[in-house]
Amino acid sequence: MRRLKKRAEFMRVARGIRVGRSYFSLQATAVAAADEPGLGFTVTKQMGNSPERNRIRRRLKAASLACAVGFKPQHDYVLVGRRDALYVPFDKLVGELAGALSKINSRMPTDAV
RNA sequence: CCAGUUGACCGGGUGACCGCUGCGCCUUCGGGCGGGGAGGAAAGUCCGGGCUCCAUCGAAAUACGGUGACGGCUAACGGCCGCCGGGGGCGACCCCAGGGAAAGUGCCACAGAAAAUAUACCGCCUGCCUUCGGGCCGGUAAGGUUGAAAAGGUGCGGUAAGAGCGCACCGCGGACCCGGCGACGGGGACGGCAUGGCAAACCCCACCGGGAGCAAGACCAAAUAGGGGCGGCGCGGGGGCAACCCCACCCGAUUUCGAGGGAAGUCGUCCGGGUUGGUUGCAUGAGGGUAUCCGCAAGGGUGCUCCAAGAUGAAUGGUCACCACGUCUGCGUCUUCGGGCGCGGGCCCUACAGAACCCGGCUUACAGGUCAACUGGCGAC
RNA sequence: CGGGGUGUAGCGCAGCCUGGUAGCGCAUUUGUCUGGGGGACAAAGGGUCGCAGGUUCAAAUCCUGUCACUCCGA
């Protein structure tokens with residue numbers, strides 16, 4: 001799994017399609033040049049102070065590792081954390097992420113490259 | 001036992017599975033193994049330094065900013081320790097920007113006669129006048145009124161009425177003496193009531209401060225044309241055959257002096273091009289622990305010993321189980337009726353909070369808990 | 001990393017420098033004008049001056065600490 005780091009990559013994914021959940025928001029777009037899927041995290045300052053932001057990002061990271069098969073190659077994903085991701089039980093977070101992934105992959109246009 | 005004060009400290013533990021980071025070793029270059037991996041505040045960024053650059057940063061003055069009893073500690077500080085003075089508390093103890101108001105300027109609302117060179121509204125008193133209501137000249141400040149604050153206080157004498165006018169006590173100033181390194185404390189001849197408050201008002205005095213900050217700075221790689229236009233100031237003068245010397249100009253808030261440097265231009269503005277990587281700085285330091293000596297203490301000397309995170313869309317974790325702690329509750333038991341102990345169940349399954357060049361402080365946040373010393377009260381002996 | 005600004009009535013702002021009375025506009029309530037609404041006029045109510053200390057006789061104002069929001073530069 002490739003980690004998104006540049007601002008330009010986040011801006012490109014933000015122009016793609018989007019699926020919202022109460023614990024996070026998932027954005028995705030198709031990228032032709034990449035063989036393995038790319039994943040980035042966004043937790044804004046309004047979600048809390050820095051230990052809470054770190055914990056949201058780490059829990060989302062662990063949840064995305066649990067359902068890694070949902071991330072398709074030649075696609076970039078961005079997880080935007082929400083504050084409820086701090087307290088929700090972990091298996092529920094994984095289930096929501098798997099559902100969001102299947103929904104966003106089905107809505108992805110197959111010829112869009 | 002209850003209430004409290006001060007200081008110091010901890011701030012989850014164990015196991016399993018799955019991960020991250022950098023170090024060492026191995027490697028079939030896929031990776032594997034071993035050991036390391038957040039804090040007391042890492043926070044706020046309020047002070048002080050180290051370090052780096054500004055070519056170089058020395059002295060004095062001005063401006064600006066900061067600090068403010070005294071003695072010490074410290075690399076330094078606005079920090080800390082001790083002590084003095086003032087205030088609070090029954091006490092342990094706590095709090096204080098705590099220099100100067102006879103250097104000058106200013107302010108003190110409303111009320112009040114008067115708010116600072118004292119003054120005289122109601123009053124009191126002598127004298128004169130009177131239409132008997134009072135009025136005028138003068139003396140006086142005891143009493144009244146206002147206010148946060150009223151020009152020493154109380155008593156006696158004194159007087160026309162009064163007044164430090166005189167005396168006693170208290171307060172105030174105070175030569176000088178004694179104690180202390182000092183701030184200051186104790187005594188006090190004598191003076192004769194004088195300097196009301198505000199400087200976190202302007203200000204004066206003393207002391208301190210060159211500026212910017214690790215995105216500082218250095219190197220490598222890649223790319224590029226390290227480019228062009230406009231404007232300002234310069235590229236000067238004298239001596240000497242020459243090297244060079246002197247004068248003038250410019251050099252980081254301003255001025256002057258000194259030292260050194262610049263003229264291979266520099267500054268401002270506009271247009272255009274390339275990059276958005278890596279290494280270093282970067283973790284051995286005013287470092288921690290311990291023993292001993294000096295010091296009331298802050299702290300310092302010496303010996304021994306230890307090496308303890310290094311990320312960069314930013315690692316140091318995620319999940320589960322058990323235990324401990326806490327809290328709520330049921331039953332049993334004991335009770336000095338506050339509660340304690342044992343067993344079971346539920347909840348939280350932890351507070352504040354995440355290193356970003358590094359140190360010394362300050363300030364602020366913090367569930368719960370531990371220890372020590374001391375104070376007040378109650379009870380028993 | 002460095003440097004500013006703001007916080008006052010439900011909303012938007014004065015007042016702060018130079019300390020003594022907290023005010024303006026819109027909004028709210030009531031009344032009058034109108035057959036009613038709108039509108040106009042008149043009156044009224046409403047503020048721990050972000051929070052905590054300190055200086056002062058007296059603090060929205062001065063000083064210190066702190067919290068929140070916001071802007072600028074690198």
Side-chain angles (χ1 to χ4, degrees):
Chain A
M1 187 101 63
R2 190 170 40 85
R3 186 71 178 274
L4 302 185
K5 292 182 176 181
K6 298 282 166 53
R7 172 174 166 82
E9 298 171 327
F10 281 83
M11 297 300 285
R12 186 175 62 238
V13 176
R15 284 194 295 269
I17 59 179
R18 177 189 305 250
V19 166
R21 287 288 187 270
S22 55
Y23 313 124
F24 55 84
S25 171
L26 180 65
Q27 302 169 341
T29 190
V31 176
D35 289 334
E36 56 178 347
L39 179 61
F41 298 94
T42 296
V43 184
T44 63
K45 204 195 293 182
Q46 282 74 27
M47 295 303 112
N49 56 19
S50 66
E52 289 172 339
R53 293 202 302 272
N54 279 342
R55 189 168 158 84
I56 290 171
R57 175 169 44 77
R58 285 163 178 160
R59 295 194 84 196
L60 288 176
K61 200 165 142 189
S64 68
L65 207 68
C67 45
V69 293
F71 295 95
K72 302 298 180 192
Q74 297 186 341
H75 288 78
D76 278 352
Y77 300 85
V78 167
L79 272 170
V80 182
R82 297 195 198 280
R83 194 176 169 77
D84 289 338
L86 265 178
Y87 309 111
V88 67
F90 187 71
D91 50 354
K92 193 168 182 184
L93 188 64
V94 173
E96 288 281 333
L97 182 57
L101 273 174
S102 68
K103 182 171 184 182
I104 206 167
N105 286 330
S106 67
R107 284 173 55 187
M108 188 72 66
T110 51
D111 56 346
V113 166

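So that the names make sense, note that chain A is the first sequence line, chain B the second, and so on, each numbered from 1.
Distance from the side chain of A:F90 is smallest for B:G318 among the nucleotides B:G318, B:G354, B:A314. Nearest to the side chain of A:P51, among B:A353, B:A314, B:U319, sits B:A353. In this structure, of B:A38, B:U319, B:G313, it is B:A38 that holds the atom nearest to the side chain of A:N54. Distance from the side chain of A:R57 is smallest for B:A315 among the nucleotides B:G313, B:G318, B:A315.
Nucleotide B:A168 forms a pair with B:U154, judged by Watson-Crick or G-U wobble geometry with both contacts under 3.5 Å. When Watson-Crick and G-U wobble pairs are counted only if both distances are under 3.5 Å, B:U364 pairs with no nucleotide at all. Summarising the base pairing, B:A141 is matched to no nucleotide, lacking a Watson-Crick or G-U wobble pair whose two defining distances lie under 3.5 Å. Using N1 to N3 plus N6-O4 or O6-N4 for Watson-Crick, or N1-O2 and O6-N3 for G-U wobble, each under 3.5 Å, B:G379 pairs with nothing. Pair assignment for B:G344 gives B:U329, based on Watson-Crick or G-U wobble hydrogen-bonding distances that are each under 3.5 Å. C:U29 is paired with C:A43 under the Watson-Crick or G-U wobble criterion, all donor-acceptor distances under 3.5 Å. Both distances falling under 3.5 Å, in either a Watson-Crick or a G-U wobble arrangement, place B:A218 opposite B:U279. Remark: C:A22 base-pairs with no nucleotide in the shown strands. Criterion, Watson-Crick or G-U wobble with two distances under 3.5 Å.
To the nearest whole angstrom, the two P atoms, one in B:G313 and one in B:C271, are 33 Å apart. Rounded to a whole angstrom, the distance from the C1' atom of B:U364 to that of B:A291 is 38 Å. Comparing B:C371 with B:G91, their C1' atoms sit 24 Å apart, to the nearest whole Å. Look at the P atom in both B:C10 and B:U290: the space between them is 13 Å, to the nearest Å. For the C1' atoms, the distance linking B:G162 with B:C90 amounts to 50 Å, nearest Å. The C1' atoms of B:G213 and C:U6 are separated by 29 Å, rounded to the nearest whole Å. For the C1' atoms, the distance linking B:A61 with B:G40 amounts to 48 Å, nearest Å. For B:G258 and B:C250, the P atoms lie 15 Å apart once the distance is rounded to whole Å.
A continuous path of hydrophobic side-chain contacts links A:Y23 to A:I56 [ILVMFWY only; heavy atoms under 4.5 Å]. When the side chains of ILVMFWY residues are joined at heavy-atom separations under 4.5 Å, either directly or via intervening members, A:V80 and A:L93 end up in two distinct hydrophobic clusters.
One can place CG of A:D91 at 7 Å from P of B:C320, the figure rounded to the nearest angstrom. In this structure, A:R55 places its CZ atom 13 Å from P of B:U316, rounding to the nearest Å. Taking atom NZ of residue A:K61 and atom P of nucleotide B:C18, one finds them 17 Å apart after rounding to whole Å. At whole-Å resolution of the value, OH in A:Y87 and C1' in B:C348 are 14 Å apart. The CD1-C1' distance, from A:I56 to B:G318, rounds to 14 Å in whole Å. Going from atom CD of A:E52 over to atom P of B:G317 covers 17 Å, rounded to whole Å. Atoms CG (A:L65) and P (B:U319) sit 13 Å apart, rounded to a whole Å. When rounded to the nearest whole Å, the span between CG of A:L60 and P of B:C20 equals 17 Å.
Counting any heavy atom pair closer than 4.0 Å across all strands shown, A:R53 reaches no nucleic acid atom. Within the 4.0 angstrom heavy-atom criterion, only backbone atoms of the sugar-phosphate kind lie near A:R59; the bases stay farther away. Using a 4.0 Å heavy-atom criterion, one finds that A:N49 contacts the sugar-phosphate atoms exclusively.
B:G30 shows a glycosidic angle within 90° of 0 and is accordingly assigned syn. Base orientation for C:A43: anti, the chi torsion being more than 90° from 0. Base orientation for B:G173: anti, the chi torsion being more than 90° from 0. B:A151 takes the anti form, because its glycosidic angle lies more than 90° either side of 0. Against the 90° criterion about 0, the sugar-base torsion of B:G171 places it in the anti range.
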Derivation of the side-chain contact (heavy atoms from CB on, under 4.5 Å) call for A:F41 and A:R3: CA-CA 9 Å; A:F41 298 94; A:R3 186 71 178 274; 3.6 Å; yes
Stepwise side-chain contact (heavy atoms from CB on, under 4.5 Å) check, A:V88 with A:F24: CA-CA 11 Å; A:V88 67; A:F24 55 84; over 6 Å; no
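Taking the 5.5 Å centre cut-off and the 30° plane limit, the aromatic side chain of A:F10 is classed as stacked on B:G313.
Rounding to the nearest 0.5 angstrom, the gap separating the CG atom in A:L26 from the CD1 atom in A:I104 is 4.0 Å.
Taking the side chain as every heavy atom from C-beta outward, A:S22 and A:R82 never approach each other to under 4.5 Å.
Of all non-hydrogen atoms in A:F10 and A:L4, the two that sit nearest each other are CE1-O, 3.7 Å. Looking at every heavy atom in both residues, A:L97 comes nearest to A:C67 through CD2-SG, 3.5 Å.
Comparing A:L86 and A:S50 by the nucleotide of RNA chain B whose heavy atom lies nearest to each, the residue mapping closer to the 5' end is A:L86.
Remark: A:R3 is in phosphate contact with B:A314, judged by side-chain N or O atoms under 4.0 Å from OP1 or OP2.
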